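Keep in mind that this is a model prediction, so the values were computed, not measured. We name chains A, B, ... by the order of the sequence lines, and we start the count at 1 in each one.
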Number of protein chains: 2
Amino acid sequence: MVSAEKPDLRERTRQAVRAQLMAVAWDLFVEQGYDATTVDEIAAAVGMSQRSFFRYFGSKEDVVLVKFEAVGVMLADELARRPVSEDVWTALRRSFDGIVETSERDPRYGLLVLRITDRAPVLRARRLEQQTHWQELLAPLVATRLDPPATDADHDPRPAALAAAALACLNVANAAWLDSDGTESLRRLLDDAMRAVHPGAF
Amino acid sequence: MVSAEKPDLRERTRQAVRAQLMAVAWDLFVEQGYDATTVDEIAAAVGMSQRSFFRYFGSKEDVVLVKFEAVGVMLADELARRPVSEDVWTALRRSFDGIVETSERDPRYGLLVLRITDRAPVLRARRLEQQTHWQELLAPLVATRLDPPATDADHDPRPAALAAAALACLNVANAAWLDSDGTESLRRLLDDAMRAVHPGAF
DNA sequence: CCTAACTTGTCAGTCACTGACAAGCCCATC
DNA sequence: GATGGGCTTGTCAGTGACTGACAAGTTAGG
């Protein structure tokens with residue numbers, strides 16, 4: 001027996017194929033645009049049939065959206081790591097620091113991702129939906145920091161509202177940043193946005 | 001000459017056909033679900049070809065989404081009507097009063113709309129995107145109420161952030177309301193949500 | 001070596017959507 | 001009241017995303 005240290009060889013090759021598909025697809029999207037790229041092309045570019053592509057990704061959109069799944073988890077991690085002394089809004093703002101820093105270290109990738117998802121209406125819409133998943137990850141963590149703590153945890157809209165509002169700010173800041181083509185500082189845009197919505201924090 | 005009092009007979013019949021398509025489509029969606037209803041069915045139900053359906057609506061989704069376009073305009077109207085003495089957040093909250101009151105007068109329609117758009121992932125996503133249009137309508141009105149007024153109107157993220165955050169609260173409240181099947185008060189949910197995000201207003 | 005599990009390609013079909021074309025309709029003008 | 005142009009409509013053909021079914025090949029484990 002090999003024990004379960006490696007989560008199965010099959011699973012690893014599967015992930016490798018997925019990664020390769022993502023890479024190839026991404027290149028094509030950048031080159032000729034999301035809409036102008038067909039699934040057949042992507043599949044052909046890695047030498048597989050269209051049918052098999054759909055065995056790795058549920059849809060063409062998924063190839064792009066998978067990139068965002070990880071971000072949600074990362075945000076939740078960072079939020080969980082914030083000191084309890086910090087008020088909710090500040091903690092939310094700080095949990096975005098990872099994104100901000102990435103944007104400062106190398107803006108190109110972030111701008112590219114935003115640009116691609118912005119041009120294709122389907123992706124623009126789906127990205128927003130994806131954020132409701134982020135919101136679901138963040139809300140329970142927000143709940144633990146509520147000023148007047150929640151009594152009826154399940155029906156209290158406040159945690160979700162705070163998470164959703166913070167993400168809305170992130171969106172606005174991202175949009176403005178993309179609009180400026182990376183000229184403006186994402187950090188400044190985000191600070192301004194979040195301070196306007198919830199004055200008195202950080 | 002008939003003068004331009006009636007915006008053209010052709011345009012009116014066109015609107016009538018659109019309305020009929022929307023009504024028929026809506027019934028089918030309610031009956032058998034959005035995904036399970038094909039455009040062919042809708043077209044057949046009003047006695048026209050599929051091709052003609054697409055001459056009235058750009059996509060199947062549009063039949064549903066058109067319902068939301070009007071809401072955005074309504075919100076902007078109500079926001080514009082708020083007294084200048086009111087602070088931004090309160091004004092935004094008040095501009096949602098129309099929606100709240102509708103939900104209290106007859107919750108069934110609102111719940112139905114939310115339920116349908118919630119079940120079909122495509123619609124869920126598109127509805128969120130639609131809200132960025134609302135946001136674009138609201139932002140300039142918000143800008144006129146900024147506490148420290150905007151200097152560089154175009155690159156100031158604050159108006160968009162406030163509008164987006166308020167809409168995020170509306171979303172969360174709507175979701176919770178739908179979740180409770182109309183049991184909870186949308187007004188209360190919305191008040192709680194918006195107060196949590198921006199304490200000290202209304 | 002052999003079998004069961006898994007992957008793959010092929011094929012056929014559905015559905016949303018689009019361009020092109022031809023036939024019919026409405027209406028103003030001659 | 002015939003005629004010509006504008007508008008709407010159906011039909012047809014085609015594309016692209018996606019899915020189910022099946023058969024063939026590959027792989028892992030006994």
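Residue-environment remark: CZ (A:R119) stays at or below the threshold of 12 foreign heavy atoms within 6.0 Å.
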Heteroatom pairs (N/O) under 3.5 angstrom, protein to nucleotides 18-20 of chain C:
from	atom 1	to	atom 2	distance (Å)
C:dG19	N7	B:R51	NE	3.4
C:dG19	N7	B:R51	NH2	2.9
C:dG19	O6	B:R51	NE	2.8

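In this structure, A:R124 contributes its side chain and A:D118 its backbone to a donor-acceptor pair below 3.5 Å. In this structure a side-chain-to-backbone donor-acceptor pair under 3.5 Å is present from A:D106 to A:R108.
Contact check of residues 19-27 of chain A against DNA chain D (heavy atom, cut-off under 4.0 Å) returns no residues at all. Contacts between residues 28-49 of chain A and DNA chain C, counted as heavy-atom distances below 4.0 Å, involve A:G47, A:M48, A:S49.
One atom, CZ of A:R18, and another, C1' of C:dT7, lie 16 Å apart when rounded to the nearest Å. The CZ-P distance, from B:F53 to C:dA16, rounds to 9 Å in whole Å. One interatomic measurement links the two molecules: CZ of B:R14 to P of D:dC7, which rounds to 12 Å at whole-angstrom precision. Following rounding to the nearest Å, A:K60 (NZ) and C:dC15 (C1') show an atom-to-atom distance of 16 Å. What separates CZ of A:R12 from C1' of D:dA28 is a distance of 14 Å, to the nearest Å. Put simply, CG on A:L123 is 14 Å from C1' on D:dA17, counting in whole angstrom units. In this structure, the CD atom of B:E61 is 17 Å from the P atom of C:dC15, given to the nearest Å. Rounded to whole Å, atom P of D:dC7 lies 12 Å from atom CD of B:E11.
Salt-bridge check for A:R81 with A:E78: failed, with every basic side-chain N at 4.0 Å or more from each acidic carboxylate O.
The phosphate of C:dC17 (OP1 or OP2) has no side-chain N or O of B:Y56 nearer than 4.0 angstrom.
With sequence neighbours excluded, the residues satisfying side chain to side chain contact (heavy atoms under 4.5 Å, CB included) with A:A161 are B:C169, B:V172, B:A193, B:V197. Applying the side chain to side chain contact (heavy atoms under 4.5 Å, CB included) rule to B:E86 yields the partners B:R82, B:P83, B:T90, B:A91, B:R94, B:R145; only residues at least two apart in sequence or on another chain are considered.
Side-chain contact check for A:E11 and A:Q15: at least one donor-acceptor pair (N or O, by modelled atom type) lies under 3.5 Å.
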>> Using side-chain contact (heavy atoms from CB on, under 4.5 Å), reason through B:L167 and B:T132 one step at a time and then give a plain yes or no.
In response: CA-CA 9 Å; B:L167 290 171; B:T132 65; over 6 Å; no
> Could you walk me through whether B:L137 and B:L75 pass the side-chain contact (heavy atoms from CB on, under 4.5 Å) check?
Replying inline: CA-CA 9 Å; B:L137 290 177; B:L75 289 181; over 6 Å; no
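Counting only heavy atoms from C-beta outward, the side chains of A:R195 and A:F202 approach each other to under 4.5 Å.
Distances were taken from every side-chain heavy atom of B:S52 (C-beta onward) to each of C:dC26, D:dG10, D:dC18; the shortest belongs to D:dG10.
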Could you pull out all donor-acceptor pairs under 3.5 Å where a side-chain atom in residues 16-34 of chain A meets a protein atom, sequence neighbours excluded?
from	atom 1	to	atom 2	distance (Å)
A:R18	NH1	A:Y56	O	2.7
A:Q32	NE2	A:E41	OE2	3.3
A:Y34	OH	A:E61	N	3.1

